[in-house]
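Contents: one structure, followed by commentary.
Note that ligands are numbered from 1 as they come in the structure, with each ligand's atoms numbered from 1 the same way.
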Amino acid sequence: METYESLLAAVSVPEGQPVIDPATGEAFAHAPVSTTADLERAIAAAQAAQPAWAALSDDERRAALTAAADEIEANAEALALIIAREQGKPLSGPGARFEVGAVVGWLRATVATQLEPEVVVDDEQAKATIYYRPIGLVGAIGPWNWPAMIATWQFAPALRMGNAVVMKPSEFTPLSVLATALLVNRHLPEGLFTVLAGDRELGEAISSNPAFGKVTFTGSARTGAAIMRASADNLTRLTLELGGNDPGIVLPDVDPKAIAEGLFWGAFINTGQTCAALKRLYVHEDVYDDVVRELAAVAGAMPMGPGSDEQNVLGPLTTEQQFGIVDRLVEDAKARGGRVLVGGEPDRDAPGWFYPATLVDGLDDDADLVKEEQFGPALPILKYSDVDDAIERANRGEAGLGASVWSADPARAREVASRIQSGSVWINSHGTIHPMAPFGGVKGSGYGLEFGVEGLKAMGVPQVIHG
Ligand code: NAD
């Protein structure tokens, strides 16, 4: 069984890219820096390994992925400690141990999901059936917010469908992904799945390389567009899971106390650094004061500190840049007359990138904190009196990843949900993804689906056999 020390030693190097502990702002390890020559070697190894992997039976591939899930489970604490140290999320609550649980959960769900051939025509004249064949080599590029979990969303379905994978994690969180791959690779053929740590140049080299039949990307909209441009000449298939600016709409029939904790975690999970977190909250005027009071009580009571400390449930922001973005948005909100209800005063001289859980109201919809993705612990709360108006405001902007509706009447909530332009809408929760329910964005949040049967289809190429 790996310890934190043994796993860290296996994936870090004495000299390389410094990896920062966001709770201190100091480097705690060094990650390898892969070159384009490493990429060429990884592509060659993947291309050599993939045909035999694709030729295995589906059950054999499922058995390998099950063994990988068991391996992660057996070494869960060591991996959680690396995630907590590198990304900053606390071990406890919906934090680093939860993330490792999701790695295992998504691996097992990927194994459990069955993609059957689909008979689409079957009459006296014709028969046609859709099969999904391996793509070959899949490139995967990931973000820093849920590094191990999102890496699993990418590699698990790709492998299950008979592909090889070359993956590049974020330069801010390479060790979590290298450690995940090290454990998974104990049960896979040599060369089939390689993680290469590197920065955006390596990402560009992957996106523009014709060896990849597909690139799956999770990250910002700007980078998603750059990947489209870089891959256009190769007609590379893409899944683009991009940023969100998820609205929540609270209808007047809610019990404010009952929903406060759900609202809090919807917005502040992973200290707000979650693609489908609640990022602007529209509350009906009849319940406005009560919802704000209850939410402020929850937000003010949540302990924040280093991820390694068991009592914390909120950690630092992962990067200095992200701290700067949140700080700028909240200062701008204050300058526009926004009222800070909780938080809003970070200790800028303290070590690490800690920004307190912050609630702001009194803003117009054109405030940057409302319009932009804050990707951090600062939630704007906005009042509405007419639900049609709230829906129109919720649909403003480029993003269309997630949304939520909060109501005691599920039918009414579903009707409101149907009018929101987003890939997912949750009722009385936010961001509660499920490994069997497809997940993906619309509008500027990208396209393509992950998870479940749709997620497997996205990692194959359809072939229709007539007859
Ligand atoms: P980012 O776009 O800056 O970086 C993501 C990855 O892309 C990194 O590995 C980076 O090295 C690489 N990269 C950067 N430039 C590149 C280029 N030109 N070509 C190829 N690769 C390149 O995003 P981030 O800051 O790491 O992540 C935060 C963003 O990700 C937020 O907008 C968040 O909402 C979004 N996100 C979306 C989802 C989702 O499922 N939709 C999930 C998590 C995060």
Side-chain angles (χ1 to χ4, degrees), residues 17 31 33-34 36 39 86-87 89 99 102 106 139-154 166-174 176-178 195-209 212 215-232 236 238-246 269-279 317-326 372-376 397-403 422-424 431 433 435 437-451 455 458:
Q17 165 86 20
V33 180
S34 295
T36 47
L39 174 61
E86 179 180 60
Q87 195 277 336
K89 59 173 63 77
E99 180 166 355
W106 257 267
I141 301 173
W144 45 260
N145 60 333
W146 292 92
M149 179 177 78
I150 290 175
T152 308
W153 296 355
Q154 297 178 326
V166 175
M167 171 174 285
K168 190 202 87 66
S170 167
E171 51 275 44
F172 298 108
T173 52
S176 304
V177 180
L178 284 165
V195 172
L196 298 174
D199 57 16
R200 71 158 49 194
E201 279 78 36
L202 193 65
E204 285 166 5
I206 290 173
S207 344
S208 58
N209 194 308
F212 293 97
V215 171
T216 182
F217 171 71
T218 301
S220 65
R222 202 183 46 195
T223 304
I227 288 173
M228 281 190 87
R229 284 192 294 273
S231 63
T236 311
L238 298 175
T239 290
L240 298 176
E241 294 282 1
L242 311 179
N245 192 15
D246 292 13
I269 185 167
N270 199 23
T271 316
Q273 302 164 110
T274 298
C275 50
L278 175 53
K279 291 177 181 150
L317 291 160
T318 304
T319 70
E320 187 176 11
Q321 292 90 318
Q322 201 58 46
F323 180 96
I325 290 169
V326 176
E372 289 182 25
E373 182 185 33
Q374 67 277 56
F375 216 56
E398 292 304 311
L401 190 58
S422 65
S424 300
I433 50 174
F439 175 70
V442 300
K443 301 203 301 187
S445 293
Y447 54 79
L449 290 169
E450 296 183 295
F451 315 165

Non-hydrogen atoms of G441 versus ligand 1: any pair closer than 4.0 Å? no
Can you tell me how far apart CD (Q154) and CE (M167) are? Round to the nearest 0.5 Å. 4.5 Å
G219, any N or O under 3.5 Å of ligand 1 N or O: yes
Rounded to the nearest 0.5 Å, how far apart are CD1 of I150 and OG of S170? 10.5 Å
Working to the nearest 0.5 angstrom, can you tell me the gap between L238 CG and S231 OG? 4.0 Å
For ligand 1, which atoms sit closer than 4.0 Å to a heavy atom of I150? 42 (C), 43 (C)
Any N or O on L242 sitting closer than 3.5 Å to an N or O of ligand 1? yes
Residue-level breakdown please: for S207 versus ligand 1, do any non-hydrogen atoms fall below 4.0 Å on the side chain, on the backbone, on both, or on neither? side chain
The side-chain contact (heavy atoms from CB on, under 4.5 Å) partner of F217 among T239, I206, I141 is I141
Is P169 touching ligand 1 with its side chain, its backbone, both, or neither, if touching means heavy atoms under 4.0 Å apart? backbone
To the nearest 0.5 Å, what is the distance between CG (N270) and CD (Q87)? 4.5 Å
Checking S445 side chain against G243 main chain: does a donor-acceptor pair fall under 3.5 Å? yes
For the 3.5 Å polar cut-off, considering only N or O atoms, please tell me whether E450 and ligand 1 meet it. no
Between K168 and ligand 1, is there a nitrogen or oxygen pair with a distance under 3.5 Å? yes
Would you check whether G224 reaches within less than 4.0 Å of ligand 1, judged by its heavy atoms? no
May I ask you to check whether T223 has an N/O atom sitting below 3.5 Å from an N/O atom of ligand 1? yes
Mind checking whether L202 contacts ligand 1 via backbone (N, CA, C, O), side chain (CB onward), both or neither, at a 4.0 Å heavy-atom cut-off? neither
From atom 11 (O) of ligand 1, work out which of E171, R200, E373 has a heavy atom at the shortest distance. E171
Taking N or O atoms only and a 3.5 Å limit, does L401 qualify as a polar contact for ligand 1? no
Can a donor-acceptor pair be found between the side chains of T319 and W144 at a distance below 3.5 Å? no
With rounding to the nearest 0.5 Å, note down the distance linking CZ in F323 to CG in L317. 7.5 Å
Distance alone, cut at 3.5 Å: any donor-acceptor contact between the side chains of S176 and T173? no
Separation of L401 CG from E241 CD (nearest 0.5 Å): 7.0 Å
Taking the six-membered ring for Trp, are F439 and F451 parallel (under 30°), tilted (30 to 60°) or perpendicular (over 60°)? parallel
Close approach, F172 and ligand 1, non-hydrogen under 4.0 angstrom: no
Indicate yes or no: does an N/O atom of N145 lie under 3.5 Å from an N/O atom of ligand 1? no
Judging by distance only, is a nitrogen or oxygen of K279 under 3.5 angstrom from one on ligand 1? no
So which of A277, G440, S220 gets nearest to atom 2 (O) of ligand 1, if we judge by its closest heavy atom? S220
Residues forming a ring pair (Phe, Tyr, Trp, His ring centres under 6.0 Å) with F212, sequence neighbours excluded: none
Do me a favour and list the nearest non-hydrogen protein atom to atom 20 (C) of ligand 1 with residue, atom name and distance? G203 C, 3.2 Å
Contact check, F439 vs ligand 1, heavy-atom distance below 4.0 Å: yes
